[in-house]
Structure formats: structure tokens, C-alpha cells
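In this text, all values refer to a predicted model and were calculated from it rather than measured experimentally. Naming convention: chains lettered A, B, ... in sequence-line order (proteins, then strands); numbering from 1 in each chain.
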There are 2 protein chains.
Amino acid sequence: MVLKSKNASKPGSPPPKSGPETAVYQRQTRLQHAQERAQDYVEAIAELIAGCGEARATDLAKSLGVTHVTVIRTVQRLQREGLVTTQPYRSIFLTDSGRTLAGKARARHEKVVTFLEALGVAKSTARADAEGIEHHVSDETLKAMEKFLRSSRKGSGKPTRTY
Amino acid sequence: MVLKSKNASKPGSPPPKSGPETAVYQRQTRLQHAQERAQDYVEAIAELIAGCGEARATDLAKSLGVTHVTVIRTVQRLQREGLVTTQPYRSIFLTDSGRTLAGKARARHEKVVTFLEALGVAKSTARADAEGIEHHVSDETLKAMEKFLRSSRKGSGKPTRTY
DNA sequence: GCCGCATTGTAGCGCATGCTACAATATGGT
DNA sequence: ACCATATTGTAGCATGCGCTACAATGCGGC
């Protein structure tokens with residue numbers, strides 16, 4: 001889990017109920033959402049790079065369904081967090097951390113999609129649902145999904161590709 | 001040359017969710033998150049009422065892992081949306097819509113939990129994952145889960161009470 | 001009757017995400 | 001070289017949710 005926690009932003013007020021620097025274990029829903037966003041962005045960037053050779057803000061915006069402004073802002077945050085690099089009016093590149101994160105996210109995503117398809121869900125639905133689900137499946141559940149896939153893939157080869 | 005008057009976002013007007021059919025797949029992530037929040041809250045409220053007879057803000061806060069301030073604010077929003085009712089310094093009650101939503105959320109939650117358990121995931125993990133997953137499974141996927149459960153449950157299961 | 005404490009509510013801050021409107025820069029056609 | 005267009009960036013606004021700090025209320029102990 002790549003979780004970069006910025007240090008406590010409050011000057012001199014944090015009550016040490018739990019260490020802010022090592023801590024993202026609690027609910028911290030907002031931070032978790034930010035994490036998800038980061039994964040989605042990084043994944044989309046990786047996909048664009050793989051597909052078109054480069055990731056430009058507008059493409060990213062189109063791919064993510066938001067305006068380019070939102071993309072730029074979020075990319076700035078990701079740059080702050082060391083996941084991507086950008087220069088003004090240039091396209092977006094992944095750092096090593098970003099690439100790693102993207103790889104993990106993509107692997108997880110694929111597993112979930114495959115699992116859902118094996119369950120009998122249509123490909124498009126599987127992909128859409130996986131988009132939301134992938135951020136919430138624990139490692140244990142992911143393993144269970146893999147196990148299910150292994151046991152259900154006896155002699156059926158790969159599933160019919162209904163695109 | 002440039003159009004200046006824009007009536008896009010007025011804080012009082014109803015949300016024009018019924019957009020043009022061309023771009024139906026808007027992300028609307030923020031609204032979706034708000035929806036999830038609402039479901040979580042309503043579910044927790046229902047649980048507290050079922051358990052303790054009433055839902056008080058502090059209990060809710062404890063149950064949801066946030067401070068009471070966040071609870072109060074969110075409850076205010078839910079009240080605005082007609083899901084709950086509250087009076088100052090009194091506990092929180094569900095409206096009919098709230099109860100309906102809570103029921104649906106709970107049913108969905110249970111289905112997901114049962115499914116994950118049937119997959120071989122430990123109960124605690126199943127519950128934790130379902131918490132995040134339940135908001136992202138489409139009806140189709142949910143149906144697939146039910147089908148899986150039916151086919152894998154040869155006389156072992158307890159009946160999921162469909163609300 | 002009064003006071004302390006828990007609960008509830010309010011005020012104000014910070015951050016993340018979304019948007020529109022507009023400015024700055026790059027790019028290509030002429 | 002120059003302008004039109006597309007792309008990228010900036011400014012400002014709104015919403016949502018989290019927090020701390022403090023005020024108001026309710027309730028039980030004295």
C-alpha cells in the first residue's frame with residue numbers, strides 16, 4: 001500500500017490520539033477517496049501512455065469523464081505526491097511509484113473484471129462495476145476470487161469474448 | 001463574442017440530473033459519494049434504532065468512526081433530503097424514505113456479505129469489504145451473486161430476507 | 001436550587017472534487 | 001509571419017466531509 005502521509009498540517013495542535021504520520025488505518029474516508037482517485041488517474045494515465053504513447057490532459061479528462069480543469073488540479077496533487085511528473089504545457093508522465101501503483105491497480109482491476117465475468121456478468125457491466133469495486137476488495141477477498149477463477153476455469157478455456 | 005450569461009449552477013434550483021442522453025455516463029463522483037454516505041448513515045441509524053431503540057448522535061459517531069460534528073452536519077443534510085427527522089437535542093428518526101433506503105441498503109449489504117462468505121472469505125473480512133463494495137455492485141452483478149448463491153447452496157443456507 | 005458533565009449544536013478551518021469563465025501557450029493552416 | 005483553433009493553465013465558486021474549539025442545552029449529583 002503506497003500511502004504517503006503528509007505530516008501534520010496543524011502547527012502545534014495535534015492531539016496524539018494516533019500518530020498522524022503513520023496513520024491512515026482508521027476510517028479516514030476522505031483520504032481513502034483521494035487514494036482511489038489517485039489510482040484511477042494513474043491507471044488511466046498508464047493506459048493512455050500504453051495506447052497513444054503519451055497522456056495528455058484532455059484525453060485524460062475525456063477518459064475520466066471530467067473537465068480538463070479537474071484533471072489538471074488532480075494531476076498537480078499527484079505530482080505533489082510523487083506519482084507523476086509534468087511540465088507546463090507538456091504531457092503527463094508516471095514516476096516509478098506511479099508506474100508501480102498503476103501496475104497494481106491494473107492487475108487488481110483485471111482480476112476483478114475477470115471474476116465478475118466468470119460470475120456471469122456482462123463484460124461492460126463487469127468493467128463498470130470493477131471500477132468501483134476494485135478499491136474495496138481486500139487481499140483476502142481478491143485471493144478468494146482467484147481461487148474461484150482457478151476452480152471454475154476447468155476446461156472452459158477463456159470465456160467467450162463478447163465485446 | 002463570448003457568451004457571458006450562464007445559468008449553470010444555482011444553489012437553489014433542482015439538480016438537472018436528467019441530462020442529455022448523449023453523455024449519460026457522467027461520472028458525478030461527488031454526488032455518488034454523497035449517496036453512499038447517505039446509505040451508510042441511514043443504515044447505521046436503522047441499526048442503532050433496532051439495537052438500542054434510538055439513534056443518538058454520539059452513538060452514530062462512534063459507530064461510523066467520525067466525530068459527532070460530522071454526524072450532525074451530515075444528518076442535517078439527510079434531513080434536508082427527507083431521509084431523517086430530528087429536533088434539537090433529540091435523537092434521530094428515519095422517515096419512510098429513510099427506512100426504505102435503509103432496508104434496501106441492508107438487503108444489499110447482506111447479500112454481498114453472504115456472497116463473499118460463500119466465496120470463502122472470513123466473516124469479518126466479508127463484512128468489512130461489503131461495506132465498501134455494496135455501493136458499487138450493479139443490479140446485474142447482484143443478481144449474478146444471488147444466482148451463484150442459489151447454485152452453491154445445496155441446503156446449507158439461511159434464507160436471505162429480501163426486504 | 002445549583003453546578004458539573006455529557007450530549008448536542010455552531011463557528012471556522014482545511015482539503016478534495018467538481019464546475020464555468022477566462023487567460024496563456026502551443027500548433028497548424030494560409 | 002500571422003491568425004484561428006485547440007490545448008493547457010489560472011481564478012473563483014460551490015459542495016461535501018473531516019477536524020478542533022467553543023457555546024448551548026439537558027440531566028443527574030450535590
Considering just the side-chain nitrogens and oxygens of [X], establish if one lies under 4.0 Å of OP1 or OP2 belonging to [N].
X: B/T58; N: C/dT8; answer: yes
X: A/T67; N: C/dC19; answer: yes
X: A/R37; N: C/dT17; answer: no

Quiz prompt | Working for salt bridge (Lys or Arg N to Asp or Glu O under 4.0 Å), residues A/R106 and A/E110 | solution = CA-CA 6 Å; A/R106 180 194 164 85; A/E110 302 244 317; 3.5 Å; yes
Quiz item: Want to settle it: does B/R80 or B/V69 sit nearer the 5' end of DNA chain D, counting the closest nucleotide to each?
Solution: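 Taking each residue's closest nucleotide, the earlier one in sequence belongs to B/R80.
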Nearest 0.5 Å, what's the [atom1]-[atom2] distance between [X] and [Y]?
X: B/H33; Y: B/D40; atom1: NE2; atom2: CG; result: 11.0 Å
X: A/L48; Y: A/L60; atom1: CG; atom2: CG; result: 6.0 Å
X: A/L78; Y: A/T85; atom1: CG; atom2: OG1; result: 11.0 Å

[X] [atom1] - [N] [atom2] separation (whole Å):
X: A/H33; N: D/dT15; atom1: NE2; atom2: C1'; result: 15 Å
X: B/R77; N: D/dG18; atom1: CZ; atom2: P; result: 10 Å
X: B/K62; N: C/dT8; atom1: NZ; atom2: P; result: 10 Å
X: A/Q76; N: C/dT17; atom1: CD; atom2: P; result: 12 Å
X: A/R73; N: D/dT8; atom1: CZ; atom2: C1'; result: 15 Å
X: A/Y41; N: C/dA16; atom1: OH; atom2: C1'; result: 11 Å
X: A/I72; N: C/dG18; atom1: CD1; atom2: C1'; result: 14 Å
X: A/Y89; N: C/dT25; atom1: OH; atom2: P; result: 5 Å

Exercise. Could you check whether B/Q35 gets within reach of a base, just the sugar-phosphate, or nothing at all, counting any heavy atom under 4.0 Å?
Key: nothing
Quiz item: Base, sugar-phosphate alone, or nothing: which one does A/E36 contact when heavy atoms must sit under 4.0 Å apart?
Solution: nothing
Quiz item: Nearest to the side chain of A/A34 - C/dG9, C/dA16, D/dT20?
Solution: C/dA16
Quiz item: Is the shortest heavy-atom distance from the side chain of A/L94 to the side chain of A/V42 under 4.5 Å?
Solution: yes
Quiz item: By centroid distance (under 5.5 Å) and plane angle (under 30°), are A/H68 and D/dT7 in a stacked arrangement?
Solution: no
Self-check item: Closest-nucleotide 5' rank along DNA chain C - winner of A/P88 and A/T70
Solution: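 The residue closer to the strand's 5' end, by nearest nucleotide, is A/T70.
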